[in-house]
Protein chains: 2
Amino acid sequence: MAGNTGTAGRSVTSRALSLLAAFDEDHRRLALTVLAERAGMPLPTAHRLVSDLVEFGALTRTPSGDYVVGRRLWDIGLLAPVQSGLREVASPHLQDLYGVTRATVHLAVRDGARALYVDRLRGHASLPIVSTVGSRLPLHATGVGKVLLAHAPAAVQEEVFRELPRLTPFTITAPGSLRRQLTLVLRDGFATTAEELGLGACSVAVPVVQRDQVVAALGVVVPSLTRDRPRLVAALQVAAQGISRSLARVPAVVGEAAENSAPPALADGG
Amino acid sequence: MAGNTGTAGRSVTSRALSLLAAFDEDHRRLALTVLAERAGMPLPTAHRLVSDLVEFGALTRTPSGDYVVGRRLWDIGLLAPVQSGLREVASPHLQDLYGVTRATVHLAVRDGARALYVDRLRGHASLPIVSTVGSRLPLHATGVGKVLLAHAPAAVQEEVFRELPRLTPFTITAPGSLRRQLTLVLRDGFATTAEELGLGACSVAVPVVQRDQVVAALGVVVPSLTRDRPRLVAALQVAAQGISRSLARVPAVVGEAAENSAPPALADGG
DNA sequence: TCATGACTTCCGCTGGACGGAAGAGGAAGC
DNA sequence: GCTTCCTCTTCCGTCCAGCGGAAGTCATGA
């Protein structure tokens with residue numbers, strides 16, 4: 001295992017947390033043995049801590065004996081102010097966009113050198129979609145990613161360009177190519193991908209702006225772009241401008257993916 | 001023993017978790033002092049544990065000094081298999097429903113004696129909406145709640161009927177009235193509310209079925225029902241049947257929501 | 001300036017966490 | 001059926017990490 005959260009944190013708390021951190025998108029259910037190993041601690045220790053976590057509801061044991069993240073943690077996690085202002089404001093516009101395009105719609109922000117998907121609407125005839133809410137995908141191989149990358153600080157771009165992993169035969173791995181594309185993204189106001197992340201999936205994306213800063217990207221995924229790219233771009237731009245306009249009235253969605261101070265505006269009733 | 005968050009659990013782990021549990025919908029940001037008090041532990045102890053939690057990313061400190069639930073916990077929480085099958089399947093249908101009605105759309109399951117909102121689409125002209133994903137609202141005062149209540153086991157109905165809190169002047173608090181309504185819900189296949197949860201909000205809801213069992217309820221919220229109730233009911237029923245049909249091909253959406261009460265499995269043995 | 005309240009740090013005591021080892025449980029294999 | 005193998009569970013003596021009262025620091029506001 002690549003040195004993940006392991007190293008068995010010193011404090012009890014950090015150990016318990018490293019058990020939670022052992023779960024990820026590719027490991028949604030874990031047997032105790034695996035869990036202990038991934039968290040980097042002896043089995044009896046894991047066993048004891050896991051009992052506590054289960055009792056609390058942070059983990060749940062399936063009938064088959066595996067552990068999964070529990071509903072209690074789901075509850076609490078939803079309270080996190082992760083782009084809640086942005087999500088709240090954008091939600092209706094995503095709906096509209098879906099209504100017009102009937103394509104899978106994505107809203108993403110940049111989280112370091114990755115695109116963090118904060119909302120998603122999925123269409124009926126959906127392609128094999130990789131992303132779900134909470135996913136982090138590479139910036140260089142997704143539509144929303146290219147938009148976010150084009151508007152990212154030089155340091156981030158540099159980091160991304162250092163390694164451009166090939167995900168399909170069509171993934172752009174030549175720095176020059178990508179660099180040229182980013183220039184076009186800035187000029188034209190939209191980015192596209194063609195089977196660069198997964199076969200059979202193309203995408204278009206546009207920036208979402210707040211106070212002259214790109215705070216998010218809005219994108220759609222479709223089987224092919226040859227036919228109606230202009231139409232999709234138009235629809236996306238209308239939706240993105242709608243979101244941007246609403247964002248102008250909201251305090252602080254900005255601060256990239258970093259912890260935006262919870263906007264009191266939409267937070268609670270008062 | 002159904003203790004709340006307090007009582008400062010014995011083990012360090014449970015103490016740390018009780019700090020997380022101190023957050024809820026009405027307390028999304030807490031100062032350290034309040035946090036310590038709500039979690040039922042001395043301030044220095046809370047301080048130390050909170051540091052661990054912040055370091056991990058389970059909590060985040062806002063510039064103002066308050067604590068909020070952190071992004072890391074959001075991530076992990078999203079991995080919970082909370083109705084993920086149901087949500088995934090239902091998502092496109094909710095979109096369609098929104099497209100037709102332009103009203104706020106809800107998908108809820110029963111969680112004990114409450115309606116747990118597992119998904120929501122919010123319209124533009126949205127009324128003051130109380131529910132968000134993860135909310136738990138009373139069964140007797142919401143459209144989806146009445147549907148779920150009508151199809152709930154006798155024991156649950158009994159529990160709900162024991163106390164029918166008044167939320168607005170229009171909340172139904174007379175057991176007889178409610179009982180009669182539930183009968184109609186079963187007969188007609190849909191439930192309605194009229195400003196029973198909040199003023200200015202009415203709702204219609206229908207059941208979602210899997211293998212002859214009601215596993216969820218689908219509802220819309222609108223400012224008034226006088227005009228187009230028939231239209232809404234029709235749209236809801238089409239969408240609900242679409243979901244139900246898709247669910248027939250999916251293993252087991254039930255059970256996930258079922259084990260809400262503390263499973264006696266691990267309980268006293270260890 | 002002083003008072004107040006919220007947070008942070010200190011430090012000696014102690015009780016809870018640690019984890020090796022041994023015991024159950026159960027599913028494949030002989 | 002019996003054996004083997006693997007995963008999970010329980011036990012228990014050692015000892016160190018967590019505990020929390022008390023004192024110190026930093027803002028705010030009177």
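Sequence lines set the chain letters: A, B, ... in the order given, protein chains first and strands last, and positions in each chain run from 1.
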Exercise for the section: Go through the side-chain N and O atoms of A:Arg29 and A:Ser64 and say whether any donor and acceptor fall under 3.5 Å apart. Expected result: yes

Practice task
Name all residues meeting the side-chain contact (heavy atoms from CB on, under 4.5 Å) criterion together with B:Ala46; count only those two or more places apart in sequence or in a different chain, and write none if there are none.
Solution key: B:Leu19, B:Leu32, B:Ala36, B:Met41

Problem - Note: B:Glu88-A:Arg120 ion pair, threshold 4.0 Å (strictly below) - result: yes

Problem - Residue mapping more 5' on DNA chain D - nearest nucleotide basis, A:Val34 or A:Thr13 - result: A:Val34

Exercise for the section: To the nearest 10°, let me know how far the axis at one end of the helix from C:dT1-D:dA30 to C:dC30-D:dG1 is tilted from the axis at the other, five pairs an end. Expected result: 40°

Completion exercise
A:Arg15 CZ to C:dG19 P, in whole Å, measures 5 Å

Handout entry: CA sep, side-chain torsions, deciding dist, call: A:Asp66, A:Arg28, salt bridge (Lys or Arg N to Asp or Glu O under 4.0 Å)
Key = CA-CA 10 Å; A:Asp66 290 346; A:Arg28 285 167 183 260; over 6 Å; no

Problem - Between C:dA6 (C1') and B:Arg38 (CZ): distance, integer Å - result: 18 Å

Exercise for the section: May I ask you to say whether B:Asp111 pairs ionically with B:Arg136, meaning some side-chain N is under 4.0 Å from a carboxylate O? Expected result: yes

Practice task
Return yes if a side-chain donor-acceptor contact under 3.5 Å exists between B:Ser11 and A:Asp52, otherwise no.
Solution key: yes

Handout entry: B:Ser135 side chain to B:Glu25 side chain, donor-acceptor N/O pair below 3.5 angstrom
Key = yes

Exercise for the section: Starting at atom CG of B:Leu35, determine the distance to atom P of C:dG5, rounded to an integer number of angstrom. Expected result: 20 Å

Handout entry: Atom-pair distance (CG on A:Leu49; P on C:dC18), nearest Å
Key = 6 Å

Problem - Under-4.0 Å side-chain N/O to phosphate OP1/OP2 contact, B:His47 with C:dT8 - result: yes

Handout entry: Under 3.5 Å: donor-acceptor pair, side chain of B:Arg110, backbone of B:Gly112
Key = yes

Exercise for the section: Starting from the 5' end of DNA chain D, give me the residue, A:Leu43 or B:Pro42, whose nearest nucleotide shows up first. Expected result: A:Leu43

Exercise for the section: Without swapping roles, check the side chain of B:Arg166 against the backbone of B:Pro169 for a donor-acceptor pair under 3.5 Å. Expected result: yes

Completion exercise
Atom CD of A:Glu37 and atom P of D:dC6 are separated, to the nearest Å, by 14 Å

Handout entry: Separation of atom CG in A:Leu32 from atom P in C:dG19, rounded to whole Å
Key = 14 Å

Practice task
Could you encode protein contacts along nucleotides 22-30 of chain D as a string, one character per nucleotide from 5' to 3', using B for base contact, S for sugar-phosphate-only contact and - for no contact, with a heavy-atom cut-off of under 4.0 Å?
Solution key: B--------

Problem - Rounded distance (Å) that lies between atom P of D:dC19 and atom CE of B:Met41 - result: 8 Å

Problem - Phosphate contact (D:dT10 OP1 or OP2) by A:Arg48 side-chain N/O below 4.0 Å - result: no

Practice task
Would you kindly give the CG-to-P distance between A:Leu19 and C:dC18, to the nearest whole Å?
Solution key: 10 Å

Handout entry: N/O (side chain, B:Thr45) to phosphate O (OP1/OP2, D:dG20) under 4.0 Å
Key = yes

